[in-house]
Amino acid sequence: MAEANQTVSRDVVVIGAGPAGMAAALTAHEQGAQVLLIERDIGLGGILPQCIHNGFGAITFGQDLPGPEYAHRYAERIQAEGIEVWLDTAVVDLSADLVIHATSPKRGYTRIQARAIVLAMGCRERTRAQIQIPGTRAAGIYTAGTVQRLINIEGYMPVKRALVLGSGDIGMIMARRMTIEGATVLGVAELQPTLTGLRRNYVQCLVDYDIPLMLSTTVTAIHGRNRVEGVETAQVDDAGKPIPGSERAITCDSLVLSVGLIPENELSQQAGVEINPITGGPYIDSRHATNVPGIFAAGNVTTIFDLVDFVSQAGERAGRSAAAYVAANGTAASQSGTTVKLKPGRNIRSVVPNTLCLDDEHLQVALRPAAHLEGSAKVEFEHDGAGVLRFHERYARPAEMIVRELKAKQIEQLKAAAAGDATVEIHLS
Amino acid sequence: MSNVGQTHTRRDICLRCPQGCELTTVLDGSDTILSVEGNRCKLGLEYIEQEIKDPRRVLPTSVRVRGGIRPLVPVWTPQPMPKALLMELARASRDIVVDAPVAVGDIVLQNWRDLGVDLVASAAVPRET
């Protein structure tokens, strides 16, 4: 093995071969960069191979595909282009001078000197410990993605009688999946008074399979010595506090948690990448550059997306930027030009990117609403209290990210009103 | 008919895209659609017509693979199947075993119950070496 325990160098190294990483690798390669794509799993696709439900690709391919098939389209192109891929390889360290430390059974410990890096590590699930559900630590407490992996990839059926906590899409999809494989799903409990996932999943995952949705409900205790024997649920008030006297005991052998996704940025932090506390991911500009020169980030590692199509688009942009950074070789061509900072205002939870490079064409802004607005919603960009631009949406829902391409005229408006390190606030009403 | 004049209203969520428009449909006594409101595009009209006449859904599940690098292959019904039969096909699929290699698009169960519904592989599973 010529490459074991060595230092090698590459132009663009992409960390993570999910939809963001695959798109970044393909685009960087198309731009002429020498690309290395590193993935810790034994195959390409990231989370997609276990997302066996349909609903992927409406924008990218104009089709409704299951997750594995969406991933397959990219994997085939990566193979056809002969892009170098290291599977079964974990990146364990990353530094600001773009040195990557990786380990794999095949190559041992390898150091890679990159000229640009794209972070595409995706996200992880919030755990029981993080939401501090009281009770025992019996077997049978799983995150929904873990059950998804066990059933769809590993071929185990880890659940017979389950309660799901969290009405996000993963929770609803797994409630259905477990039922399809013969489990009894007693219900989906949701802390909020409203559904947090897509309404169509409420119909096609819960209503169609007679699985009750229990809103304003949380799990207050887990019982069971070696294996979960039951959980306690309670209704909650407007402040999310359990209402005394509303407790119910539910007999089950599993509690399946769908209580949030967290961008995975341990490596980013090791390299000194500055993290936005609101998104949990790196601050990025519209070229997907982080504060560390040569390190770019795209996809769920920056903020949690709803549609994979937008993740692929982000990966493409990051790959193009990484290749351009290598080609420019640190010269003036890689300068940001005129920029403006973006900040979430009223009813906006988060905005990505945090900085717009106004000299570029094709700027896209992704907003996470903090409020429900049906019928019509207005998004306004304001600088120093004055409106700069606005657009309308048919609705605003926290479960659905608002993604908008800025038109050339809107970019001009931003340049005129607020350039040179100014901050623009985005409001939703 | 004496009940043709009586209308009834139903509310549905359209499943054709992630927006999930709330449809309000007024029907007469013989289930003829008189009006549909709430759809933001014509897919909503197609959806509610189908849903009233013959509700259909996609079933995503997995089947076992023999001799492959992984024990399962994900499958789905690209042509939606009758909603009432979802769990029956789910149960039937548990008995299916296919031999590797499996390619994306391979039909692992053809024309189930003569309903024109196929179970189709959505991932590739190469042969174990």
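Quick caveat, the model's predicted, so the values are computed rather than measured. The sequence lines fix the lettering, A, B, ..., with proteins before strands; numbering per chain opens at 1.
- With a 4.5 angstrom heavy-atom cutoff, A/D208 touches chain B only via side-chain atoms.
- B/S122 and A/E69 share no donor-acceptor pair across their side chains, judged by distance under 3.5 Å alone.
- In terms of heavy-atom pairs under 4.5 angstrom with chain A, the leader among B/S62, B/P74, B/A121, B/G20 is B/S62.
- For the set B/R16, B/R70, B/K83, B/R57, the count of heavy-atom pairs under 4.5 angstrom toward chain A peaks at B/R57.
- Only the side chain of B/L59 comes within contact range of chain A, judged by heavy atoms closer than 4.5 Å.
- In this structure, chain B has no heavy atom under 4.5 Å from any part of A/I42.
- Among B/E22, B/R40, B/M87, the residue making the largest number of heavy-atom pairs under 4.5 Å with chain A is B/R40.
- Contact annotation for A/R394: both backbone and side-chain heavy atoms come within less than 4.5 Å of a heavy atom of chain B.
- Side-chain atoms of B/D28 and B/T7 include no donor-acceptor pair closer than 3.5 Å.
- A side-chain donor-acceptor contact under 3.5 Å links A/T196 and A/S167.
- Here the side chains of B/H8 and B/D31 are in contact, with some heavy-atom distance below 4.5 Å.
- Using a 4.5 Å cut-off between non-hydrogen atoms, the part of residues 47-56 of chain A that approaches chain B consists of A/I52, A/H53, A/N54.
- When each of A/G182, A/A58, A/G45 is checked for heavy-atom pairs under 4.5 Å with chain B, A/G182 comes out on top.
- With contacts defined as side-chain heavy-atom distances shorter than 4.5 Å, the pair B/R10/B/I52 qualifies.
- When the candidates B/C17, B/P18, B/A124, B/A123 are compared by the number of heavy-atom contacts under 4.5 Å with chain A, B/P18 comes out ahead.
- Between the CG atom of A/L215 and the CG atom of A/L195 there is a distance of 7.0 Å, given to the nearest 0.5 Å.
- B/T61 and A/E181 form a side-chain donor-acceptor contact under 3.5 Å, judged by distance and modelled atom types alone.
- Under a 3.5 Å cut-off, the side chain of B/E128 and the backbone N or O of B/G67 do not form any donor-acceptor pair.
- For the pair A/T60 and A/Y74, the minimum side-chain heavy-atom distance is below 4.5 Å.
- For A/L198, the part lying near chain B is the side chain, with the backbone staying farther off; criterion is any non-hydrogen pair under 4.5 Å.
- Using a 4.5 Å cut-off between heavy atoms, B/R91 makes no contact with chain A at all.
- With respect to the salt-bridge test (charged N to carboxylate O, under 4.0 angstrom), the residues A/R404 and A/E393 qualify.
- Heavy atoms closer than 4.5 Å to chain B are found in the side chain of A/Y209, but not in its backbone.
- With 3.5 Å as the limit, one finds no donor-acceptor pair spanning the side chains of B/Q19 and A/R397.
- Defined by atom type and a distance below 3.5 Å, a donor-acceptor pair is present between the side-chain atoms of A/R177 and A/N152.
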